[in-house]
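First the proteins, then the strands, lettered A, B, ... as listed; each starts at 1.
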Amino acid sequence: MIRAEGIHKSFDENHVLKGIDFTFEASKTNLIIGKSGAGKTVLLKILVGLMNPSQGHVWYDDQDLCDLNKNELIKLRMQVGMLFQGNALFDSMTVEENIRFPMDMFTKMTEGEKKKRVDYCLEQVSMEGINNKFPSEISGGMQKRVGIARAIVLKPKYLFADEPNSGLDPKTAITIDALLTDITNANNITTIINTHDMNSVMEIGENICLLHFGKLAWQGTKDEVLDSPNEILQDFIFASPFLQKLKARAMGNSSTPL
Amino acid sequence: MYYKETIRQMYDIGIGSLMIIFVVSLFIGAVTAVQFTYQLEGTLIPRYYIGYIVRDMAIIELAVTFSSIILAGKVGSNIASEIGGMRQKEHIDAMEIMGVNTASYLVLPKIIAALFMIPILVSVAAVVSIGGGYVAATSGTYSSEEFIEGLRSFFIPWNVCIMYIKAVVFAYILTSIACYQGYFVTGGNIELGQASTRAVVYGIICILIADYIIAVLLTG
């Protein structure tokens with residue numbers, strides 16, 4: 001379980017997060033959603049320790065992230081995997097070298113064990129046989145999968161994903177969502193995904209936090225989204241004219257063609 | 001991992017810079033010989049002094065300072081761009097999340113590689129400069145024997161030590177400034193370009209200041 005407690009973050013005069021209190025539940029797919037500029041990425045970076053909050057605390061179970069010393073932080077980070085928006089795969093390394101990088105840095109596994117683990121992780125993301133390709137030689141969707149494989153290689157307890165569907169076609173985006181959910185369930189990982197993809201919200205959001213101008217505007221599950229009276233949530237979910245018409249039609253209020 | 005990265009950096013800095021150092025040093029030596037040939041003409045200074053002048057100019061000053069200035073441009077901008085690009089593409093964040101001490105992993109191998117390779121490059125530069133001076137001098141009015149006699153005269157081993165002290169200090173200066181500029185870059189491509197330029201400009205200025213200080217301390 002990860003708990004954000006009274007998180008504030010300011011950049012000079014710009015107050016980006018204004019007192020976020022939220023619990024990201026263990027072994028579930030937690031989503032942070034909101035419009036661009038709502039503070040999602042800043043919150044994610046604070047949760048993962050890449051930024052310090054101006055005020056507030058981040059709790060990993062009973063450990064306060066802000067109070068950890070360097071060694072404790074490194075120990076905690078070895079339990080964390082992260083998929084970046086731009087994948088952050090190292091260009092000069094092959095897919096296999098990218099995935100084994102954390103093992104090379106932190107484990108004393110033999111070459112054989114590392115190879116076996118790399119192959120297993122690639123199999124988990126259905127990317128067998130691309131070990132020797134460079135990131136520039138594979139598609140964006142494949143890079144996302146390799147990014148996921150690298151994120152899970154050290155068997156993390158916590159998995160973070162920053163806009164995993166950005167730049168992907170709808171079908172590939174669905175596959176990535178399914179993959180993240182499967183990995184979360186199969187490995188009992190606490191996953192936190194930062195997204196504004198509506199499909200992700202409706203399909204995989206077991207615990208959702210909606211940010212609006214740096215404040216927590218709504219929280220709930222995917223099953224509660226449609227029936228929620230929260231105007232900010234409804235405005236966010238049904239932002240596109242197409243979905244607005246679809247909603248109106250579903251409620252029997254409109255006969256206009258879609 | 002640190003070992004592999006250090007070897008890669010040694011290759012990039014050393015082998016990657018060999019050609020430019022060779023070409024520049026050759027011409028520095030040649031121009032030094034031609035200039036002093038012109039200045040010594042009609043004086044009472046013995047003719048073999050040309051070899052002595054080219055040798056000491058190369059060893060004490062030209063090989064090490066010119067090479068370091070060139071490396072501040074080539075290696076410094078390369079390092080700043082590489083680390084800055086990694087910052088922008090979230091590679092550094094990715095390493096931080098994995099628990100890697102990025103300052104150590106990205107900076108240390110580059111500094112160690114430079115501390116090993118730049119003195120070697122400077123040695124090459126000194127030898128090639130003297131070679132260039134020999135070719136230029138013997139193509140003109142000097143005989144091979146005169147130049148070689150000058151090379152063998154008044155040799156002070158301490159001058160070679162000064163060359164290596166300068167090489168090590170300059171190597172540290174140019175890599176650490178470039179790493180700093182790259183590591184703390186913020187913004188987009190324009191800022192990355194500016195950081196790369198700052199790495200070169202600050203590197204060269206600091207090298208020249210250090211050159212003066214070392215000269216005063218070790219030869220003053």
Q. Is there side-chain contact between B:Asp93 and A:Lys45, with heavy atoms separated by less than 4.5 Å?
A. yes
Q.
Using a 6.0 Å cut-off, check whether atom NZ of B:Lys74 has over 12 heavy atoms from anything other than its own residue.
A. yes
Q. Should we say atom CZ of A:Phe106 is surrounded by more than 12 heavy atoms from elsewhere, each under 6.0 Å from it?
A. yes
Q.
Can you confirm whether more than 12 heavy atoms, excluding those of B:Phe22, are under 6.0 Å from its CZ atom?
A. no
**Q.** Working for side-chain contact (heavy atoms from CB on, under 4.5 Å), residues B:Ile97 and A:Phe160
**A.** CA-CA 10 Å; B:Ile97 297 289; A:Phe160 293 82; over 6 Å; no
Q) Would you say A:Phe11 has more than 12 foreign heavy atoms packed within less than 6.0 Å of its CZ? A) yes
Q.
With rounding to the nearest 0.5 angstrom, report the CD to OG distance, B:Glu82 to A:Ser92.
A. 7.5 Å
Q) Is A:Asp91 close to B:His91 at the side-chain level, that is, under 4.5 Å between some pair of heavy atoms? A) yes
(Q) Taking atom CZ as the centre, does B:Phe27 end up with more than 12 heavy-atom neighbours from other residues, nucleotides or ligands that are less than 6.0 angstrom away? (A) no
Q.
I'd like to know whether CD1 of B:Ile190 has more than 12 heavy-atom contacts from other residues, nucleotides or ligands below 6.0 angstrom.
A. no
Q: Return the minimal non-hydrogen interatomic distance between A:Arg77 and B:Glu96, and the atom names on each side.
A: CD-O, 3.0 Å
Q | Closest contact, heavy atoms only, B:Met98 versus A:Pro102 | A | SD-CG, 3.8 Å
**Q.** Sub-4.5 Å side-chain heavy-atom contact between A:Phe90 and B:Lys89
**A.** no
Q) Does a side-chain N-to-carboxylate-O contact under 4.0 Å join B:Lys4 and A:Asp104? A) no
**Q.** chain B interface, residue from A:Leu89, A:Ile74, A:Leu73, A:Val80 that has the most non-hydrogen pairs under 4.5 Å
**A.** A:Leu89
(Q) Take a 6.0 Å sphere around CZ of B:Arg8 and say whether it holds more than 12 heavy atoms from other residues, nucleotides or ligands. (A) yes
